[in-house]
Amino acid sequence: MKKIQFGTIELLGCIGIVIWVGANILRMFDLSNHPAYLFVVGMLPNVGASWSFTMLFKWLVQWRCGGDYTILAHMLLCGIVLLLGLISELIHDLFLGAPFDRYDMFATLLAQLSVMVLPIVKPDQCFRG
(Lines give C-alpha, C1' and ligand atoms only; values in the text may rest on other atoms or scores of the structure.)
Protein backbone atom coordinates (compact mmCIF):
# COMPACT_ATOMS: atom_id res chain seq x y z
CA MET A 1 0.00 0.00 0.00
CA LYS A 2 1.33 3.40 -1.01
CA LYS A 3 1.81 6.08 1.59
CA ILE A 4 -0.74 8.91 1.33
CA GLN A 5 0.90 12.18 0.36
CA PHE A 6 -0.05 15.53 1.84
CA GLY A 7 -0.94 17.85 -1.04
CA THR A 8 -3.41 20.52 -2.00
CA ILE A 9 -6.51 18.41 -1.36
CA GLU A 10 -5.30 17.44 2.10
CA LEU A 11 -4.46 21.07 2.92
CA LEU A 12 -7.92 22.22 1.86
CA GLY A 13 -9.46 19.28 3.75
CA CYS A 14 -7.70 20.21 6.99
CA ILE A 15 -8.68 23.87 6.56
CA GLY A 16 -12.23 22.67 5.87
CA ILE A 17 -12.38 20.68 9.11
CA VAL A 18 -11.21 23.72 11.08
CA ILE A 19 -13.73 25.98 9.29
CA TRP A 20 -16.60 23.54 9.86
CA VAL A 21 -15.85 23.01 13.56
CA GLY A 22 -15.26 26.72 14.19
CA ALA A 23 -18.43 27.82 12.42
CA ASN A 24 -20.54 25.24 14.22
CA ILE A 25 -19.14 26.34 17.57
CA LEU A 26 -19.98 29.95 16.68
CA ARG A 27 -23.55 28.88 15.81
CA MET A 28 -24.12 28.12 19.49
CA PHE A 29 -23.69 31.80 20.33
CA ASP A 30 -25.81 34.65 19.00
CA LEU A 31 -23.05 37.23 18.87
CA SER A 32 -24.06 39.60 16.11
CA ASN A 33 -26.32 40.36 13.18
CA HIS A 34 -23.39 41.65 11.14
CA PRO A 35 -23.38 40.25 7.58
CA ALA A 36 -19.82 38.93 7.92
CA TYR A 37 -20.75 36.95 11.03
CA LEU A 38 -23.90 35.62 9.36
CA PHE A 39 -21.77 34.56 6.37
CA VAL A 40 -19.35 32.69 8.63
CA VAL A 41 -22.03 30.76 10.50
CA GLY A 42 -24.28 30.30 7.47
CA MET A 43 -22.15 29.54 4.42
CA LEU A 44 -18.71 28.51 5.59
CA PRO A 45 -19.77 25.17 7.12
CA ASN A 46 -20.80 24.07 3.60
CA VAL A 47 -17.40 25.03 2.22
CA GLY A 48 -15.60 23.27 5.06
CA ALA A 49 -17.66 20.11 4.80
CA SER A 50 -17.21 20.00 1.04
CA TRP A 51 -13.43 20.27 1.26
CA SER A 52 -13.12 17.79 4.12
CA PHE A 53 -15.36 15.16 2.50
CA THR A 54 -13.33 15.41 -0.71
CA MET A 55 -10.16 14.78 1.29
CA LEU A 56 -11.68 11.85 3.18
CA PHE A 57 -13.04 10.26 0.00
CA LYS A 58 -9.64 10.71 -1.68
CA TRP A 59 -7.98 8.88 1.22
CA LEU A 60 -10.59 6.12 0.96
CA VAL A 61 -9.92 5.70 -2.77
CA GLN A 62 -6.16 5.62 -2.20
CA TRP A 63 -6.52 3.09 0.60
CA ARG A 64 -8.97 0.89 -1.30
CA CYS A 65 -7.33 1.06 -4.75
CA GLY A 66 -3.72 0.78 -3.61
CA GLY A 67 -2.74 4.41 -4.14
CA ASP A 68 -4.02 4.90 -7.69
CA TYR A 69 -5.72 8.28 -7.78
CA THR A 70 -6.37 9.58 -11.28
CA ILE A 71 -7.82 12.84 -12.54
CA LEU A 72 -10.97 10.91 -13.48
CA ALA A 73 -11.29 9.58 -9.92
CA HIS A 74 -10.79 13.13 -8.63
CA MET A 75 -13.55 14.51 -10.86
CA LEU A 76 -15.90 11.68 -9.87
CA LEU A 77 -15.26 12.29 -6.16
CA CYS A 78 -15.93 16.00 -6.57
CA GLY A 79 -19.19 15.18 -8.34
CA ILE A 80 -20.18 12.73 -5.60
CA VAL A 81 -19.57 15.33 -2.90
CA LEU A 82 -21.64 17.86 -4.84
CA LEU A 83 -24.42 15.28 -5.22
CA LEU A 84 -24.30 14.55 -1.48
CA GLY A 85 -24.70 18.28 -0.78
CA LEU A 86 -27.76 18.37 -3.04
CA ILE A 87 -29.22 15.28 -1.34
CA SER A 88 -28.65 16.88 2.06
CA GLU A 89 -30.52 20.02 1.00
CA LEU A 90 -33.38 17.93 -0.42
CA ILE A 91 -33.65 15.91 2.80
CA HIS A 92 -33.82 19.12 4.82
CA ASP A 93 -36.47 20.46 2.44
CA LEU A 94 -38.66 17.36 2.24
CA PHE A 95 -38.43 15.82 5.70
CA LEU A 96 -37.20 18.45 8.15
CA GLY A 97 -39.31 21.41 7.10
CA ALA A 98 -36.40 23.70 6.24
CA PRO A 99 -36.68 25.35 2.83
CA PHE A 100 -34.23 24.48 0.06
CA ASP A 101 -31.35 26.93 0.45
CA ARG A 102 -29.89 27.79 -2.94
CA TYR A 103 -27.14 29.84 -1.30
CA ASP A 104 -25.91 26.75 0.55
CA MET A 105 -25.81 24.89 -2.75
CA PHE A 106 -23.99 27.82 -4.36
CA ALA A 107 -21.37 27.75 -1.58
CA THR A 108 -20.97 23.99 -1.99
CA LEU A 109 -20.63 24.37 -5.76
CA LEU A 110 -17.94 27.05 -5.43
CA ALA A 111 -16.07 24.98 -2.85
CA GLN A 112 -16.16 21.92 -5.10
CA LEU A 113 -15.02 23.95 -8.11
CA SER A 114 -12.05 25.22 -6.12
CA VAL A 115 -11.05 21.77 -4.88
CA MET A 116 -11.65 20.33 -8.36
CA VAL A 117 -9.51 22.84 -10.27
CA LEU A 118 -6.74 23.69 -7.80
CA PRO A 119 -4.91 20.32 -7.88
CA ILE A 120 -5.00 20.36 -11.68
CA VAL A 121 -3.66 23.93 -11.92
CA LYS A 122 -1.06 23.26 -9.20
CA PRO A 123 -0.14 19.63 -9.90
CA ASP A 124 1.54 18.57 -6.66
CA GLN A 125 -0.77 15.54 -6.52
CA CYS A 126 0.32 12.19 -7.86
CA PHE A 127 -2.34 11.59 -10.47
CA ARG A 128 -1.82 8.25 -12.15
CA GLY A 129 -3.48 6.42 -14.93
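Because the structure is a prediction, the values reported are computed rather than measured.
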With hydrophobic residues grouped by side-chain heavy-atom distances under 4.5 Å, do Tyr103 and Leu26 end up in a single group?
-> yes
Might you work through the side-chain contact (heavy atoms from CB on, under 4.5 Å) test for Val47 and Thr108, ending with a clear yes or no?
-> CA-CA 6 Å; Val47 173; Thr108 304; over 6 Å; no
Distance (rounded to the nearest 0.5 Å) between Met75 CE and Ile80 CD1 | 13.5 Å
Rounded to the nearest 0.5 angstrom, the CE-CZ distance for Met105 and Arg102 is 13.0 Å
Those residues that, when tested against Ala73, pass side chain to side chain contact (heavy atoms under 4.5 Å, CB included) (two or more places apart) = Tyr69, Thr70
His74 side chain vs Val115 backbone, donor-acceptor pair below 3.5 Å = yes
Any side-chain hydrogen bond (donor to acceptor under 3.5 Å, both in side chains) involving residues 39-53? Give me the pairs, sequence neighbours left out, ordered by first then second residue.
-> Asn46-Asp104, Ser50-Gln112, Trp51-Ser114
Answer whether the closest heavy-atom distance between the side chains of Met43 and Phe106 falls below 4.5 Å.
-> no
Rounded to the nearest 0.5 Å, the CE atom of Met116 sits from the CG atom of Leu77 at a distance of 10.0 Å
When Ile15, Leu12, Ile17, Leu11 are each screened for side-chain contact (heavy atoms from CB on, under 4.5 Å) with Met55, the one that passes is Ile17
Can you list, pair by pair, the side-chain donor-acceptor contacts under 3.5 Å of residues 82-96, counting residues two or more places apart and other chains?
residue	atom	partner	partner atom	Å
Glu89	OE1	Asp101	N	3.3
His92	ND1	Ser88	O	2.8

Quick one: name the residues clustered hydrophobically with Leu76, using the 4.5 Å side-chain heavy-atom rule over I, L, V, M, F, W, Y, and just say none if it's on its own.
-> Leu72
Answer yes if Val21 and Ile19 sit in the same cluster of Ile, Leu, Val, Met, Phe, Trp and Tyr residues linked by side chain heavy atoms under 4.5 Å apart, and no otherwise.
-> yes
If we only count heavy atoms from C-beta on, is the Ile9 to Thr54 side-chain gap below 4.5 Å?
-> yes
